[in-house]
Amino acid sequence: MISFPRTDLAQQMVPALMGRTLFGDAHNGLFLSGPRRTGKSTFLQSDLKPALEAEGVVVVYTDLWGDTGRDPATVIADAIGRALQPQLGVVARTAKRAGLDKLSLAGWLQVDTSKIGRLDGLTLVDALRALHETAGKPIALIVDEAQHALTSERGEAAMTSLKSARDQLNSRDAVNLMLVMSGSDRDKLMRLVNSSAAPFFGSQVQRMPPLGADFIAYVASVIEAQRPSLAPVDQATLQHAFEAIGHRPQLFMTVLGEVLSPFFGAKESFEHALLGASAERLRKDADQMESDFLGLKPIEQVVLWRMLEQGSRFRPFDAEALRFYGELLAQPVSLSMAQRALESLRQRTPALVWKSARGEYAVQDSAMHRWFEERRKSGTWPPIPHQVLGLGDD
Ligand SMILES: Nc1ncnc2c1ncn2[C@@H]1O[C@H](COP(=O)(O)OP(=O)(O)OP(=O)(O)O)[C@@H](O)[C@H]1O
Ligand SMILES: [Mg+2]
């Protein structure tokens, strides 16, 4: 298994987060979006976290998708509690030596870290302040799949608390709380920043750069070391194959393993076989989406169709939407029918639809938008038109 360290990218982000660069706004919060499986979580945990720690920052990482059964607010509070617990132990030991009354941090000793964020516990703002004061270091909170916070009211309130903690802990001269939020869907992450009611209004969502030419050069060097007969490896073709497969390192390595296998039996160079196999992989993704779509009930298909077409303008139950469904199905569609269809799209595993606490809907996987646009452009939408007519077995 290959794990390519992205030290340079981490080294660029650290000073920006710590407010040491003249330009940019990362010290107010860094929002990073990137497609699924492109290495976001790996970067945050294996590159950014250690780079921040090397600068003396206490890093709390939490993945809101890690446990989708729990409220995102609880997941965030627990992660802060887990980081705070050992610090309280240190304070307690120091207090024992120095005498409790002489210790300025003694007030935090009463904190019950299992109750953070609850009515009878410390607020998130105070918990982050406790962590900062007891550790005597700046804190970075990394929230992976942060858009998931918006699926519950408590999660949304937690985001507002984090913003408030940032404003209270940071001053013009010192950045004591850094926030990094990542997500696989730019549109959903945008909801954290793009309206005046959004918790981080005014911040920008940036694209997480995909693995680049340095990753490809590294992979090529490993191939050349293990299979000297293949040197020199054609890196430009490798790069094209990596792009064709959507910059997804795991899939890329799998396909690479296939074409390098002694059983593959290609007549062309392995680089060209890789390019062909990568394009084939992308076609398989599209086939999967097509069969998922065709497996839906007709009413679910037209609701999803409307969502794909409208993007962030999607309003599932307005008169225009109901007319759209009705025209495609050639029979009237009521509000409750549309509601049931949306709910079943949301309840499927894996879910096809995402719903925020405010009742906004979006497709779960933004790759579906690209699939839709491409089929639209090539005139092959909808997948099989005659199957969309009639309400079928609903
Ligand atoms: N720098 C890297 N070098 C090699 N492989 C990597 C690298 N980064 C990620 N990968 C591999 O790619 C796969 C996806 O990585 P990761 O889970 O970090 O992506 P992600 O963007 O967070 O995905 P998701 O959208 O599912 O959350 C993993 O199998 C991981 O091992
Ligand atoms: Mg991830």
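For ligands, and for the atoms within them, numbers begin at 1 and follow the listed sequence.
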One pair to check against side chain to side chain donor-acceptor pair (under 3.5 Å): Asp144 and Ser41. What are the steps and the verdict? CA-CA 7 Å; Asp144 206 351; Ser41 303; 2.5 Å; yes
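- For the 3.5 Å distance criterion, the side chains of Gln239 and Gln235 fail to qualify, holding no donor opposite an acceptor.
- Between the side chains of His369 and Ser366, not a single donor N or O lies within less than 3.5 Å of an accepting N or O.
- Looking at Arg281 and Thr254, their side chains never bring a donor and an acceptor atom within 3.5 Å of each other.
- In terms of polar-atom proximity, defined here as any N/O pair under 3.5 Å, Ser184 makes no such contact with ligand 1.
- Ser182 and Glu145 share no donor-acceptor pair across their side chains, judged by distance under 3.5 Å alone.
- For a threshold of 3.5 Å applied to N or O pairs, the pair formed by Phe215 and ligand 1 contains no separation below that value.
- Under 3.5 Å, the side chains of Ser164 and Gln168 contain a donor-acceptor pair of N or O atoms.
- Against a heavy-atom cut-off of under 4.0 Å, Gly39 is close to the following atoms of ligand 1: 8 (N), 9 (C), 15 (O), 16 (P), 18 (O), 19 (O), 20 (P), 21 (O).
- Near Arg36, meaning under 4.0 Å from any of its heavy atoms, are these atoms of ligand 1: 24 (P), 25 (O), 26 (O).
- The pair Glu373-Lys377 does not count as a salt bridge, with every side-chain nitrogen at least 4.0 angstrom from each carboxylate oxygen.
- For Phe242 and Phe215, the distance between ring centers is under 6.0 angstrom.
- At a cut-off of 3.5 Å, with distance as the only test, a side-chain donor of Asp292 or Gln288 sits close to an acceptor on the other residue.
- Inspection of the Glu343 and Gln339 side chains reveals no N or O donor paired with an N or O acceptor under 3.5 Å.
- Of all protein heavy atoms, the one closest to atom 5 (N) of ligand 1 is Ile2 O, 3.6 Å.
- There is no protein heavy atom less than 4.0 angstrom from atom 31 (O) of ligand 1.
- Of all protein heavy atoms, the one lying nearest to atom 3 (N) of ligand 1 is Phe4 N, 2.9 Å.
- Within the protein, the number of N/O/S atoms found under 2.8 Å from the Mg ion (ligand 2) is 1.
- The single protein non-hydrogen atom nearest to atom 21 (O) of ligand 1 is Lys40 NZ, 2.7 Å, given as residue, atom name and distance.
- The shortest N/O to N/O separation between Arg37 and ligand 1 falls below 3.5 Å.
- Near Ser3, meaning under 4.0 Å from one of its heavy atoms, ligand 1 places the atoms 3 (N), 4 (C).
- Ion pairing of Asp167 with Lys163 is present here, as a side-chain N (NZ or NE/NH1/NH2) and a carboxylate O approach within less than 4.0 Å.
- Of all the atoms in ligand 1, the ones that sit under 4.0 Å from a non-hydrogen atom of Gln250 are 12 (O), 13 (C), 29 (O).
- Using a 4.0 Å cutoff on heavy atoms, Glu145 counts as a contact of ligand 1.
- Atom 18 (O) of ligand 1 has as its closest protein heavy atom Thr42 OG1, 2.4 Å.
- Ranking the protein heavy atoms by distance from atom 12 (O) of ligand 1 puts Pro249 CG, 3.4 Å first.
- Membership of the apolar cluster around Leu44 extends to Leu9, Met13, Val14, Leu17, Met18, Leu30, Leu32, Phe43, Leu48, Leu52, Val57, Val59, Tyr61, Ile142, Val175, Met178, Val180, Met208, as traced through chained side-chain contacts below 4.5 Å between ILVMFWY residues.
- Looking at ligand 1, you won't find any N or O of Arg6 less than 3.5 Å from one of its N or O atoms.
- Electrostatic pairing of Arg191 and Glu360 counts as a salt bridge here, judged by a charged N lying under 4.0 Å from a carboxylate O.
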